Visitor: 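One structure is given below, represented as structure tokens, and several questions about it will come after.
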Amino acid sequence: MDSPHTYAEWADAFDELETHPESDPEILEALQQGTLSWQSGVAERFISRLSQVLTARMDRAADDFQKSLRAPGGGEASLVQALLRFRRQFQFFKKLGSLPVIPDETRQQLAAMVQGQADSVQHSLLDSARQDRTGKLASLLRNNPVNR
């Protein structure tokens with residue numbers, strides 16, 4: 001994929017991110033080299049579209065995590081793998097929200113949004129783990145947090 005330089009090229013790249021998560025590393029590399037003229041209207045559409053992509057991908061990551069928890073035969077090892085996969089996805093989302101083309105203030109807001117979502121997920125998981133009397137689940141969650 002070529003580095004995007006116009007809003008249309010960025011929009012195409014965002015579409016790719018939504019539909020082809022298997023291409024994330026290649027797309028991210030191209031996006032990190034991209035440029036954009038921050039004009040009124042373009043900047044708002046760009047940030048709006050990027051926020052939509054991040055939200056959609058975070059929702060999909062949460063759904064995938066839930067599916068992996070419900071998978072039959074899942075033990076501690078599969079839970080840890082699912083947690084680590086979920087964490088890697090949040091790390092990718094943070095990189096996506098930290099693209100050099102994005103102004104610093106907006107970059108910080110996007111990073112805070114992603115971190116807030118990861119913190120919320122981790123808190124929710126720990127709350128759910130309180131029902132486990134052995135404490136093993138809580139220990140696994142604390143040792144393999146999704147918000148690191």
Side-chain angles (χ1 to χ4, degrees), residues 1-4 7-34 36 42-148:
M1 171 177 215
D2 293 330
S3 299
Y7 177 76
E9 292 170 345
W10 280 97
D12 290 344
F14 291 151
D15 289 344
E16 284 292 313
L17 281 171
E18 276 191 306
T19 58
H20 297 97
E22 68 279 357
S23 301
D24 284 351
E26 296 85 22
I27 296 172
L28 181 62
E29 185 177 328
L31 296 182
Q32 288 175 330
Q33 304 303 317
L36 185 66
V42 171
E44 292 84 7
R45 288 192 321 233
F46 177 93
I47 296 302
S48 174
R49 184 69 179 105
L50 177 58
S51 296
Q52 289 173 355
V53 169
L54 284 170
T55 300
R57 290 289 304 270
M58 283 191 272
D59 290 346
R60 189 178 315 143
D63 290 345
D64 291 346
F65 179 73
Q66 288 295 325
K67 286 178 189 174
S68 65
L69 292 181
R70 290 189 294 259
E76 289 179 20
S78 63
L79 172 62
V80 170
Q81 288 176 349
L83 288 167
L84 295 176
R85 200 169 35 252
F86 207 13
R87 181 192 310 163
R88 280 190 302 273
Q89 288 174 324
F90 274 112
Q91 290 168 342
F92 171 77
F93 302 148
K94 204 165 190 178
K95 288 178 185 175
L96 188 58
S98 299
L99 294 170
V101 71
I102 302 170
D104 287 339
E105 184 179 325
T106 305
R107 203 179 312 155
Q108 291 170 1
Q109 291 171 348
L110 290 170
M113 177 185 85
V114 172
Q115 186 64 47
Q117 184 68 25
D119 291 344
S120 175
V121 167
Q122 181 69 19
H123 181 73
S124 177
L125 290 170
L126 288 171
D127 280 350
S128 297
R130 288 193 179 120
Q131 297 172 0
D132 176 27
R133 294 177 188 243
T134 66
K136 197 164 202 142
L137 180 58
S139 176
L140 286 171
L141 292 169
R142 278 191 301 274
N143 292 330
N144 302 284
V146 297
N147 62 343
R148 184 180 306 156

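Heavy atoms only: backbone and side chains are in, while hydrogens, waters and symmetry mates are out. It should be emphasised that the depicted structure is a prediction, and the values quoted were computed from it without experimental measurement.
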Visitor: Flag yes if more than 12 heavy atoms outside Q52 fall under 6.0 Å of its CD atom; otherwise flag no.
Guide: yes
Visitor: Would you call D63 and R60 a salt bridge, taking side-chain N to carboxylate O under 4.0 Å as the test?
Guide: no
Visitor: With rounding to the nearest 0.5 Å, note down the distance linking OG in S68 to CD in Q66.
Guide: 8.0 Å
Visitor: Testing L83, D119, L84 for side chain to side chain contact (heavy atoms under 4.5 Å, CB included) with V146, which one passes?
Guide: L83
Visitor: Should the pair F90 and F86 be assigned to parallel (<30°), tilted (30 to 60°) or perpendicular (>60°) ring geometry?
Guide: tilted
Visitor: Please tell me if the side chains of F46 and T106 come closer than 4.5 Å, counting only heavy atoms from C-beta onward.
Guide: no
Visitor: Step by step, would you call D24 with R57 a salt bridge (charged side-chain N to carboxylate O under 4.0 Å, His left out)?
Guide: CA-CA 11 Å; D24 284 351; R57 290 289 304 270; 2.5 Å; yes
Visitor: For the residue pair R49 and F14, what are the closest heavy atoms and their distance?
Guide: CG-CD1, 3.3 Å
Visitor: Heavy atoms only: give me the nearest L54-L110 pair and the separation to one decimal.
Guide: CD1-CD2, 4.1 Å
Visitor: For G116, is there any backbone N or O sitting under 3.5 Å from a side-chain donor or acceptor partner on S120?
Guide: no
Visitor: Looking only at heavy atoms, which two atoms of L140 and E76 are closest? And how far apart?
Guide: CD1-CG, 3.8 Å
Visitor: Treating S139 as the side-chain partner and G135 as the backbone partner, does any N or O pair qualify as donor plus acceptor under 3.5 Å?
Guide: no
Visitor: Write down the atom of Q122, the atom of P145, and the distance for their closest heavy-atom approach.
Guide: OE1-CA, 3.3 Å
Visitor: Between S48 and E44, is there a donor-acceptor pair closer than 3.5 Å when you use the side chain of the first and the backbone of the second?
Guide: no
Visitor: Do you know the tightest heavy-atom contact between V101 and G34?
Guide: CB-O, 4.0 Å
Visitor: So does N147 get a backbone contact from the side chain of Q115, meaning a donor-acceptor N/O pair under 3.5 Å?
Guide: yes
Visitor: Specify the closest pair of heavy atoms between Q89 and A61, including all atoms of both residues, with the distance to one decimal.
Guide: OE1-CB, 3.1 Å
Visitor: Say whether, by atom type as modelled, one donor and one acceptor occur between the side chain of E29 and the main chain of M1 under 3.5 angstrom.
Guide: no
Visitor: Around atom CG of D127, are there more than 12 heavy atoms of other residues, nucleotides or ligands at under 6.0 Å?
Guide: yes
Visitor: Quick check on R133: does its CZ atom have over 12 non-hydrogen neighbours (other residues, nucleotides or ligands) under 6.0 Å away?
Guide: no
Visitor: Near E105 CD, under 6.0 Å, is it more than 12 heavy atoms from other residues, nucleotides or ligands?
Guide: no
Visitor: Ignoring hydrogens and angles, tell me if any N or O in the side chain of S3 forms a donor-acceptor pair with the backbone of A30 under 3.5 Å.
Guide: yes
Visitor: For side chain to side chain contact (heavy atoms under 4.5 Å, CB included), just list the numbers for D15 and V53, CA-CA rounded to whole Å, side-chain angles, deciding distance to a tenth of an Å, and then say yes or no.
Guide: CA-CA 8 Å; D15 289 344; V53 169; over 6 Å; no
Visitor: Could you tell me the separation between the CG atom of D59 and the CG atom of D64, rounded to the nearest 0.5 Å?
Guide: 11.0 Å
